[in-house]
Participant: 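I have a structure here, written as structure tokens, and I will follow up with some questions on it.
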Amino acid sequence: AKHPDTLLTTQASPFAFHTEAEKAPWLIVDLKKNVPVSGLLIQNRNDALFKRVTNLHVWVSDDKTSWRKVFETAGAKKDWLVKLDAPAQARYVKVGMLNGAKPEFFHLKGVRVFGPGT
């Protein structure tokens with residue numbers, strides 16, 4: 001591939017996907033093979049409802065069964081630039097919210113996964 005990253009969407013709408021109101025909604029990006037992941041750019045929806053995305057977490061996995069948490073944050077932001085201390089080998093990247101007992105809608109504008117050197 002010419003670029004070592006993957007962009008979830010290039011749509012012009014405020015968000016790219018939308019879940020139902022759930023206690024722990026998530027999105028999984030399949031990188032198609034095990035690659036070193038050095039970071040992510042997570043783009044929140046770009047309208048007033050961006051504040052819905054709180055308690056954001058990122059996990060990585062080789063097999064979609066065993067997940068390793070690599071990032072978490074409590075507050076809502078327009079974008080999160082996540083830089084891992086050391087690249088994590090992974091085929092799958094899971095981005096989700098942990099809301100406890102309160103169901104919430106989950107929608108992002110985009111997720112870009114970076115490899116080393118990006």
Side-chain angles (χ1 to χ4, degrees):
K2 185 174 179 181
H3 301 285
D5 58 11
T6 302
L7 182 63
L8 175 69
T9 183
T10 56
Q11 296 179 19
S13 65
F15 58 89
F17 73 92
H18 192 302
T19 68
E20 296 295 325
E22 302 174 35
K23 291 180 184 177
W26 49 265
L27 158 81
I28 293 178
V29 177
D30 183 352
L31 301 173
K32 302 294 184 192
K33 63 180 181 177
N34 250 4
V35 295
V37 174
S38 62
L40 297 95
L41 173 60
I42 302 169
Q43 297 170 294
N44 203 346
R45 61 182 297 156
N46 60 6
D47 61 11
L49 296 178
F50 82 93
K51 294 179 181 176
R52 285 182 172 171
V53 179
T54 58
N55 297 313
L56 187 71
H57 289 66
V58 177
W59 303 268
V60 295
S61 174
D62 300 329
D63 57 10
K64 260 172 73 172
T65 302
S66 176
W67 294 94
R68 299 178 311 278
K69 183 170 53 175
V70 295
F71 175 76
E72 68 178 286
T73 186
K77 291 175 61 174
K78 294 279 185 157
D79 298 306
W80 295 268
L81 181 58
V82 178
K83 294 186 178 191
L84 304 185
D85 292 334
Q89 284 293 128
R91 173 173 174 171
Y92 303 98
V93 176
K94 182 176 179 180
V95 180
M97 296 192 310
L98 296 179
N99 298 319
K102 181 185 178 220
E104 185 59 84
F105 295 99
F106 183 42
H107 26 71
L108 295 174
K109 174 74 175 160
V111 175
R112 187 175 284 222
V113 180
F114 299 109
T118 56

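For the single chain, residues carry numbers from 1 onward in sequence order. From a predicted model like this one, the values you see are computed outputs, not experimental measurements.
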Participant: In terms of hydrophobic clusters joined by side-chain contacts under 4.5 Å, are Phe71 and Phe50 together?
Facilitator: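 Different hydrophobic clusters.
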Participant: Please check if Ile42 and Leu84 belong to a single hydrophobic cluster, counting links between Ile, Leu, Val, Met, Phe, Trp and Tyr side chain heavy atoms closer than 4.5 Å.
Facilitator: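 Linked, Ile42 and Leu84 end up in one cluster.
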Participant: Please name the pair of heavy atoms, one in Ser61 and one in Ser66, separated by the smallest distance, quoted to 0.1 Å.
Facilitator: OG-O, 2.8 Å
Participant: Nearest 0.5 Å, please: how far is CZ in Arg52 from CG in Asn44?
Facilitator: 11.0 Å
Participant: Rounded to the nearest 0.5 Å, what separation is found between the CG atom of Leu98 and the OG1 atom of Thr54?
Facilitator: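 Answer rounded to 0.5 Å: 10.0 Å.
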Participant: Which value, rounded to the nearest 0.5 Å, describes the distance between Leu56 atom CG and Glu72 atom CD?
Facilitator: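 It is 10.0 Å, given to the nearest 0.5 Å.
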Participant: What is the distance from atom CD of Glu22 to atom NZ of Lys102, rounded to the nearest 0.5 Å?
Facilitator: 14.0 Å
Participant: Does CH2 belonging to Trp67 count more than 12 external heavy atoms closer than 6.0 Å?
Facilitator: yes
Participant: Hey, any chance Leu40 and Leu31 share a hydrophobic cluster, counting ILVMFWY side chains that come within less than 4.5 Å of each other, even indirectly?
Facilitator: yes
Participant: Tell me which one of Asn34, Asp30, Asp62 satisfies side-chain hydrogen bond (donor to acceptor under 3.5 Å, both in side chains) with Arg91.
Facilitator: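 When side-chain hydrogen bond (donor to acceptor under 3.5 Å, both in side chains) is applied between Arg91 and each of Asn34, Asp30, Asp62, only Asp30 qualifies.
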Participant: Do Leu108 and Val29 land in one hydrophobic cluster if side-chain heavy atoms of ILVMFWY residues count as linked below 4.5 Å?
Facilitator: yes
Participant: So if I apply the side chain to side chain contact (heavy atoms under 4.5 Å, CB included) rule between Phe114 and each of Val37, Leu41, Val82, which one comes out positive?
Facilitator: Leu41
Participant: Got a donor-acceptor contact below 3.5 angstrom from the Ser38 side chain to the Gly115 backbone?
Facilitator: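 Looks like yes, one N/O pair under 3.5 Å.
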Participant: For the residue pair Pro87 and Pro36, what are the closest heavy atoms and their distance?
Facilitator: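 That would be CB-CB, 4.0 Å.
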Participant: Tell me the closest heavy-atom pair linking Lys23 and Ala101, and the distance in Å.
Facilitator: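 What the structure gives for the nearest pair is CE-O, 3.6 Å.
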Participant: Do Val95 and Trp26 share a hydrophobic cluster, counting only Ile, Leu, Val, Met, Phe, Trp and Tyr and linking them when any side-chain heavy atoms are less than 4.5 Å apart?
Facilitator: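 No, no single cluster joins them.
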Participant: Taking NZ in Lys64 as the centre, count heavy atoms belonging to other residues, nucleotides or ligands within less than 6.0 Å. Is the count above 12?
Facilitator: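 Open: at most 12 neighbouring heavy atoms sit under 6.0 Å from NZ of Lys64.
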Participant: How many angstroms lie between OG1 in Thr73 and CH2 in Trp80, if you round to the nearest 0.5 Å?
Facilitator: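 The distance works out to 7.5 Å.
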Participant: Between NE2 of His107 and CE of Met97, what distance do you get to the nearest 0.5 Å?
Facilitator: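 One gets 7.5 Å once the value is rounded to the nearest 0.5 Å.
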Participant: Taking the side chain as C-beta and beyond, is there a heavy-atom pair between Asn99 and Pro25 under 4.5 Å?
Facilitator: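 Yes, side chains in contact.
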Participant: Taking atom CG of Asp85 as the centre, report whether more than 12 heavy atoms of other residues, nucleotides or ligands fall under 6.0 Å from it.
Facilitator: no
